[in-house]
Amino acid sequence: MSKALPKRSENYSEWYNEIVKRAGLAENSPVRGCMIIKPYGFAIWEKMQRALDDMFKATGHENAYFPLFIPKSFLEKEEEHAEGFAKECAVVTHYRLKADPNNKGALIVDPEARLEEELIIRPTSETVIWNAYRTWIQSWRDLPILINQWANVVRWEMRTRLFLRTAEFLWQEGHTAHATEQEAIEETEQMLGVYEDFAENWMALPVVQGVKTANERFAGAVETYCIEALMQDGRALQAGTSHFLGQNFAKVFDVKFVNRENQLEYPWATSWGVSTRLMGALIMAHSDDNGLVLPPKLAPIQVVIIPIFKTEEDLARISERVEPIVAELRKAGISVKFDSDDKQRSGWKFAEYELRGVPVRLAIGARDLENGTIEVARRDNLTKESVTIDGVVETVKIVLEQMQEAIYQKALRFREENTFTVDTWDEFKMQIEKGGFVLAHWDGTPETEERIKDETKATIRCIPLNSAEESGQCVMTGNDSAERVIFARAY
RNA sequence: CGGGGCGUAGCACAGCUUGGUAGUGCGCACGGUUUGGGACCGUGAGGCCGCAAGUUCGAAUCUUGCCGCCCCGACCA
């Protein structure tokens, strides 16, 4: 195994692939397009899950679980939804194998065991869930229903990349039902806010809240809201979506409730999700040529302590000094690993924990014991300083907080420096080629959006929610436009 | 599905042109010397050379077919 990672500046996608594998986050599986999430990668995902789950609960949601298999007829009900997902569904047609009579040891699909109705492996769960809601919802008193599920889904993608786009991925999907349109829209916006909060305060990832254009809208939604982030190579990544589904699913699954006036009405729906794709965003937003850089709040190991020793006796003396520090850090809620393994040398460990993105490294050797000091190294800016052992726990707490903020600020600065306002077609093409968010006027038609995509590979990432009204002319057609939208090449 | 590349030890690869004992580095095991930024020496284990058929006295190497993977495009969170 070569020591150095490919450089971001030379080959960004190879850098990404290598970092995922070498930092022990994930690897390819025997099945094309699927991935094995390794313990260290899964530990990060678990921290994300925990934070998000707490936020969902805090906003009144409950977890439930709906099945992996969806009858094909369910998927067919909502026309746009069906069309949107049809071409990427895995389908179960049989329920039994049998020994191949012509080939000893081999198994074949038993032709006798064909399912009467094929089952789709869920690409998303609106249909099964709304089918269930039919019996759950009778009266306005049953509403709202605020459900979330943590699950895997399958979308048979042509081209896949670890975390960013895999055939099977893990996610959460919230599915809510409301008595009024207004309430459902508020829910959609609220959850988008939750995602923004999570992205910025946990992932240290600045995001733009916006609305998708018709072309980019979720299949079956009335309106799709999103948070969009900018990666270090200048490409955009959709980090989360929240959909206002109107009454589309209620109608096709015949879900009705009696309102206060004793009239039958269709409830209003939302759905919202984030996936293991966030892992890709996390990696691409912050990491450097030495490896992963993790925001402290999501780092499985926040502090690693590396003893520098020659003999068993040295190690024993260091351990004695380190153990109370470990205990104190843990008491402060900080996850810490004391790596006293003598099979690897300290230099190897330094490089390894940098690769894995451990935020703070403490190194302590005989010299430190004499001086009463310990070395504190920061992963984000690779600086190190010597501090007194007595104050190290306090120092670590401060450093972790500073890092969380510094990583966010760095990403924010990057986004600001890579957000451009352009007004001419030539400028537009040139800037898209260079990368970044490009703010430009658009005449609001799907046709123009499509033409721009064909010519530049750029899509409208979103119509920002809080952008100022500003009349202008469409960058491609010159037609009137009321506001700027964000264009970028995207993952 | 188009275009390109690759299948040889756990990993990364050489060997193939010109057929003749299966190799190198990393990793692994054991022993020793080392240890403040990816240590070194010695010994050792580990292979149906992607699969199948063919050519040949003899195939990792030549021929044909198949399978798989990766990268680039069209589709997408």
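Residue numbering restarts at 1 for every chain, and letters A, B, ... go by the order of the sequence lines.
- Using a 4.0 Å heavy-atom cutoff across all strands shown, A:K349 reaches no nucleic acid atom at all.
- In this structure, the nucleotide among B:rA74, B:rG38, B:rA77 sitting nearest to the side chain of A:K457 is B:rA74.
- Taking the C1' atom of each, B:rU55 and B:rU63 are spaced 7 Å apart, rounded to whole Å.
- Residue contacts for A:A366: at a heavy-atom cut-off of 4.0 Å it reaches a base atom on one of the strands shown.
- Listed nucleotides: B:rG38, B:rA77, B:rC75. Nearest to the side chain of A:E352: B:rG38.
- Residue A:R161 has no polar side-chain atom (N or O) positioned under 4.0 Å from OP1 or OP2 of B:rC71.
- Put simply, A:R367 has no side-chain N or O that comes within less than 4.0 Å of OP1 or OP2 on B:rG36.
- Searching all strands for a Watson-Crick or G-U wobble partner of B:rG2 with both distances below 3.5 Å returns B:rC72.
- For A:R155, no side-chain nitrogen or oxygen approaches OP1 or OP2 of B:rC75 to under 4.0 Å.
- Nearest to the side chain of A:K384, among B:rG36, B:rA77, B:rG37, sits B:rG37.
- Taking 4.0 angstrom as the limit, A:N17 places a side-chain polar atom (N or O) nearer than this to OP1 or OP2 of B:rC71.
- Heavy atoms of A:F218 sit nowhere under 4.0 angstrom from any nucleic acid atom.
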